[in-house]
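Only one structure is covered here, and it is reproduced in the block below.
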Amino acid sequence: MNLDFLTPYGFWNPILWLLVIFVALLVAYLIWLRGNSRYKKGTEQTKPFLSGYAPESKEAMMVSASNIYWGFTSTLKGYYNFLRKMHTGDIRDYLGWYVGIVAIMLILYILWGGA
Amino acid sequence: MIWEFLANNSPALIIAIPLIAAFATSLISRVSTRARNIWVILALVLTEIFVIILLYQVFNFGTKVYVFGASSYNLTLPPDSGGIPIRIIFVVDAMSIFMAFTASTVALAGVIYSISCENEQTGQDKYYTLLLLMTVGMLGMMLTGDLFNFFVFLEINSLASAALVAYRVDRGIAVEAAFKYAIISSLGGLMVLFAIGILYGQYDALNMAMVAYRMQATGFSNLDKIAMALLTVTLAMKAGAIPMHFWVPDGYGKAPGAISAMLVTTTYASLYGLFRMCFTVFGLAANTVTLGWFLIILGVLSMFVGVTMALVQHDIKRLMAYHSVSQTGYMLLGVGVGLATLGTTAFNQYGLAAMEGGIFHLINNSMYKGLLFLTAGAIIYRIGTSDLDKMGGLGHSMKYTMIFFMIGALAIAGIPPFNGFASKLLIYESVYQFNPILSIIAMIVSILTLASFVKVFHSAFMGPKRYDVKEVPLPMLVGMGILTFFIILFGLFPNIAMQYLVTPAATALSDPVGYITRVLGGGSL
Amino acid sequence: MLFNLVYITVAIVIIIGFYAALFKRNLIKIVIGISLIESGVNLFLVSLGYREGGIAPIYTNAPSTYMVLPTPQALTLTSIVIGVATTAMLLSFCVVIYRYYGTLDARKVRRLKE
């Protein structure tokens, strides 16, 4: 069986890719083996460093899901405000969008729908 | 002899087995819970076996027709009918059976998963009855070649899935979601019926092939345009395309775990209907460029808006539901490009490849999105909340679930060597030749998808231990494992899927003339 | 004349149904709207099958062979059955929603948004 997955531009071979990634991981592991292992466990050396502040408890250090990508959403505030306005949760708006799209497509099809 | 009988009647059996099993479930559950579980699994395994038999037949012998109530199973035009296919006909071409294979596999995984996920809940008999009815609806929509029959299966499917969405009331919120879903789908169903009425009034036929044939012969009237607008927009709404997607996050987000996974294939049954209408029914008479751009624009909107909405969600299932909208966009884009270039030289250069990408993405997405919904269901089953803010540290105790989630998340983000990459690669490359901007948008969406799943992974599995839970029971892991098997199989050996499922499906879908001659040619090959 | 009157009636019934579904605040009225649309579609199907002077296609002792193809009637019957099921399900959802939310106002029944 041919393992090359042909695409319009070229081909893609997952098995070959796996081999390459395996070699890359092996190289990374070899580099990691050469690292310095003489640090002392349980001392300041293995604690996270937070600009000189005392580290908080482990639970409080976890960023909660709503706050991840805060920067992204606050940059696109205008866009997200528009989306929030669109998602009202009112069943009548759901139907309204449907009726609107049907009306638009009806006009477009009458203009350009025929062969 | 018996083999031939079963093979010839398999289109009917695929519908009949789950339908009979559905109504027998309440009787059998009187015997014992165990008997009922075995019964339901057996029914879906049998359905899957018949789907594979039919797949084999269609792959080797081409499109298969099945006429209900005729003296011979392939007698589409009885001698006394005056050249009209008067009976209900199932037309199973490579695209239909491809969809049926997807649907029955996900249904099988879902039902095995349900055995332990639902075993402490009430009303399980009706749950399984509805689940089987939902499967019947999906499979019927995919196999039928009759417009009214399509409507009937659409309604069976909508009713069963709306009832299942509402099944775990959840202080009324699930019922609210189900109400919205039911309103949308019943209005959609009625508009489909209205359009079918318009087509019937003009062409005196309900058979898709006959309608398409007569429409091409008599020219494309304004009434046809009304029917086309109603059918395409309604089915796009049922497939969850933006801006008519509002019911998707509600419905998927509140359904029980396995049902969310099956709702994905339910929407793809509608998506299949949309493709079937665009290509087979209207493809010969209408302007395919307009139709193609309709799909492309809906696809790009769905991709982008879906993924950006998913980024800000903090309910795990709602987030995945928005991704489902976003992934549907890829299919609409791929198949839309194929439709827009249909009949030109560009179709052979990249249009067919785009369609293959879209169709391949359909099966891939059913598998990995199903898997992701099942893992979300497993998390909710163990910790009882779907809020990502309250999760954390589940990787310590639910290792297998975490591995399955990682596979699903990497596949949806299009990371090699999983199956999402292969189909997305096809879509990117072929759409790039059609219009580079669309391809770039698709890639950006893929990056945002990865970002969003990194967030879920971080919030649910990473961090210090917050819940003292055990791994989920074995049947749930088996359900997830079935889907994972296909993800890895199609990822490592995409040619298997391409050769046996996707390329025949894309070729069959883009060939309405072949479909029509198969039905109206009198039944014999 | 009479022929078009039927289709005008169909359009009016469906438009009233859409009005109720889109602009009424009570969920039950929205369900009534959906039900009206359904009646309009059923009326459309029945009127498609109407032929003046045609008789039911029962060949035993038939006075003439000018008969009506029974397909639209069969479609309508199926559609009515499906419609009953849908309406019953929607109304039972309304009952449960009222029990938990204490209201049927579409502006308030939207705990699921964004």
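Residue numbers begin at 1 in each chain, while the letters A, B, ... track the order of the sequences. A quick note: this is a predicted structure, and the numbers were derived from the prediction, not measured.
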Rounded to the nearest 0.5 Å, the CG atom of Leu187(B) sits from the CD1 atom of Ile30(C) at a distance of 11.5 Å
Name the option with the most non-hydrogen atom pairs under 4.5 Å to chain B; the candidates are Ser79(C), Pro72(C), Gly49(C), Gly33(C). Pro72(C)
Please name the pair of heavy atoms, one in Ala182(B) and one in Met89(C), separated by the smallest distance, quoted to 0.1 Å. CB-CE, 3.8 Å
Looking at CD of Glu155(B) and OG1 of Thr86(C), how far apart are the two atoms once the value is rounded to the nearest 0.5 Å? 5.0 Å
Given heavy-atom pairs under 4.5 angstrom as the criterion, report whether the side chain, backbone, both or neither of Phe151(B) touches chain C. side chain
Could you tell me whether a side-chain N or O of Glu176(B) sits under 3.5 Å from a main-chain N or O of Arg111(C), the two making a donor and an acceptor? yes
Check whether any side-chain heavy atom of Ile37(C) lies under 4.5 Å from a side-chain heavy atom of Met191(B), and answer yes or no. yes
Is the shortest side-chain heavy-atom distance between Lys180(B) and Val109(C) below 4.5 Å? no
Sort Val169(B) into side chain, backbone, both or neither according to what part of it lies under 4.5 angstrom from a heavy atom of chain C. side chain
Given that the side chain runs from C-beta out, which part of Phe18(C) has a heavy atom under 4.5 Å from chain B: side chain, backbone, both or neither? side chain
Side-chain contact, heavy-atom cut-off 4.5 Å: Leu90(C) with Ser186(B)? yes
With only heavy atoms counted, which part of Leu27(C) is less than 4.5 Å from chain B, the side chain, the backbone, both or neither? both
Out of curiosity, Asn42(C) CG to Leu193(B) CG, how far, rounded to the nearest 0.5 Å? 7.0 Å
Does any heavy atom of chain C fall under 4.5 Å from the side chain of Ile196(B), the backbone, both, or neither of them? neither
Would you say that more than 12 heavy atoms from the other residues, nucleotides or ligands in this model lie under 6.0 Å from the OH of Tyr213(B), or not? no
d(Asp204(B) CG, Leu69(C) CG) to nearest 0.5 Å is 8.0 Å
Would you mind reporting whether Thr71(C) and Ile86(B) have side-chain heavy atoms less than 4.5 Å apart? no
Tell me, for Tyr100(C) versus chain B, whether the close heavy atoms (under 4.5 Å) come from the side chain, the backbone, both or neither. side chain
State the CG-CZ distance between Leu45(C) and Phe148(B), to the nearest 0.5 angstrom. 7.5 Å
In terms of relative ring orientation, are Phe44(C) and Phe194(B) parallel, tilted or perpendicular, with 30° and 60° separating the classes? tilted
Taking all atoms of both residues into account, what is the closest heavy-atom pair of Leu48(C) and Gly201(B), and its distance? CD2-CA, 3.8 Å
What's the separation between atom CD1 in Ile173(B) and atom OH in Tyr101(C), rounded to the nearest 0.5 Å? 5.0 Å
Val31(C) vs Phe179(B) side-chain heavy atoms within contact, under 4.5 Å: yes
